[in-house]
Amino acid sequence: MSKLNSITTEQLRLWDKRHVWHPFTQMQEWERDEQIVIEKGEGCWLIDTEGKRYLDGVASMWTNVHGHCRRELNEALKEQVDRLEHSTLLGLGSEQSIILAARLAEITPPGLDRFFYSDNGSTAMEVAVKMAYQYQVHSGKPERSKYITFRHAYHGDTLGAVSVGGIDIYHTTFKPLMFDSLMAPSPYCYRCELGCSRSSCNMVCIDAVEELMKRNAGLVAGLVIEPLVQGAGGMIVQPAGFLKRIRELCDRYDILMIADEVATGFGRTGAMFACQHEDVVPDIMAISKGIAAGYLPLAATVTSEKVYSAFLGSYSELKTFFHGHTFTGNPLACAVALKSLQLFQQDDLLASLQPKIASLRQRLENIALMPHVGDIRHCGMAAGIELVADKQTGTSYPWEDRIGIKVCLEARKRGVFSRPLGNTIVIFPPLVISNAELDILLNVLQESIQNVTE
Ligand SMILES: *Cc1c(COP(=O)(O)O)cnc(C)c1O
């Protein structure tokens, strides 16, 4: 019995199956399978209506930073709701959205000081794509309308964001509705498209990016990249120096560099933003997931004075950026985001990650030895474990085997919630996870992999 509203779990499950259409979910299977209904959160744990606890191994879809129901964040939210729940940014300013932009400007890469708010990662990227093109128009180069992207890239699910994505299975159906992007090879070294290996390749995949730029000289508005890690593509980690070389190429060919930090931002890679590992300053940066610590939907597309000023002019010049969402800059979300930034400092969170990242790396080296683990990819507090049918040849499990899902179902029985990316098991816990909890997460995943694959 759920105490909150005295509706039984059975009833909730029934209504869920009857009325809720879940994202990225084959509903026929959902209707058949036993469901967990979450009622509460506590630190890194989710608690269902029957009191069973699950370690939140994927930070509630990569958003949670300081744990669930963190007291300081709850208080900031309660305080704000008694002052103002929402007012629009169309024609008005609002206290929290102003302070947040000023604070974020202090921590984003230098020169990225202009914040265009929206509500989620897809909109932040949609805005970035439109902004980049309109920038080219105002710069007298309307023929620059193409985008370079990478295979296995993920930038969200709205049509513009899907058009610059590179994951076939998400795109096939919608192909007729999308615009074409120029697809560069992914730095997916385990399965290199160019047949190279990381130790000796000298990053020839970068040459392929340059080739695209040359062949489409004067036609490209922007290059879109997830810095350091292609998340949804399978936690594909780029070789050191890759991002820096991409920045240099964008400069050389006068292409706007759009960094999608939706997953990597707010400490995930061990730095506040992934670009900072390589001292790269993109022209446009999208941030969302961790921004409000996993509490509320919030996003921003951040840009430089160079891009921003191209939109300035008299009203009649029609240089206005005609884009906006109703809940843009919501004060509740901004208040939580502000408190979250405070907690980063108060808890010295980034520094506290370093030993955890080191122990994660050590544990992963051990897991890499398992007979059906083909590749381990690790960056900061994110990792992917790619399972293979044959370790020698790297042969994948067939898609229909649902091997990743099976492992996660095993983990669930052992009190860990995780969600795979195909055959890749994902590790993406709230950043505050303790060493003991990290041990539980890794032990359970290792046992579950063993149970399913051996
Ligand atoms: C999740 C994600 C998005 C989309 O964000 P939504 O809030 O789900 O729309 C975009 N880009 C990256 C890199 C992501 O991981």
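Counting convention: from 1, in listed order, for ligands and their atoms alike. Because the structure is a prediction, the values reported are computed rather than measured.
Contact annotation for His155 and ligand 1: only backbone heavy atoms (N, CA, C, O) come within less than 4.0 Å of the ligand. Both the backbone and the side chain of Tyr154 come within 4.0 Å of ligand 1, counting heavy atoms alone.
Remark: the backbone N or O of Ile236 is not paired with any side-chain donor or acceptor of Gln230 at under 3.5 angstrom. Using modelled atom types, one side-chain atom of His372 and one backbone atom of Val388 make a donor-acceptor pair closer than 3.5 Å. Put simply, the side chain of Lys356 never gets that close to the backbone of Met381: no donor and acceptor are under 3.5 Å apart.
Heavy-atom proximity to Ala263, at under 4.0 Å, picks out these atoms of ligand 1: 15 (O). Against a heavy-atom cut-off of under 4.0 Å, Asn120 is close to the following atoms of ligand 1: 7 (O), 9 (O). Set against the non-hydrogen atoms of Gly156, the atoms of ligand 1 under 4.0 Å away are 4 (C), 10 (C).
With hydrogens left out, the protein atom closest to atom 9 (O) of ligand 1 is Ser122 OG, 2.5 Å, a heavy atom. Considering only non-hydrogen protein atoms, atom 12 (C) of ligand 1 sits nearest to Asp260 OD2, 3.4 Å.
Where the criterion is an N or O separation shorter than 3.5 Å, residue side chain and backbone included, Glu226 fails it with respect to ligand 1. An N or O contact shorter than 3.5 Å links Gly121 to ligand 1 by distance.
Using a 3.5 Å distance cut-off with no hydrogens or angles, the side chains of Thr63 and Ser60 do not pair a donor with an acceptor.
By the 6.0 Å contact criterion, CD on Glu42 is open, its count of non-hydrogen atoms from other residues, nucleotides or ligands being 12 or less. Atom CH2 of Trp399 has 12 or fewer heavy atoms from other residues, nucleotides or ligands within 6.0 Å.
At least one heavy atom of Lys289 lies less than 4.0 angstrom from ligand 1.
Aromatic rings of His68 and His66 (six-membered ring for Trp) have centroids beyond the 6.0 Å cut-off, not under it.
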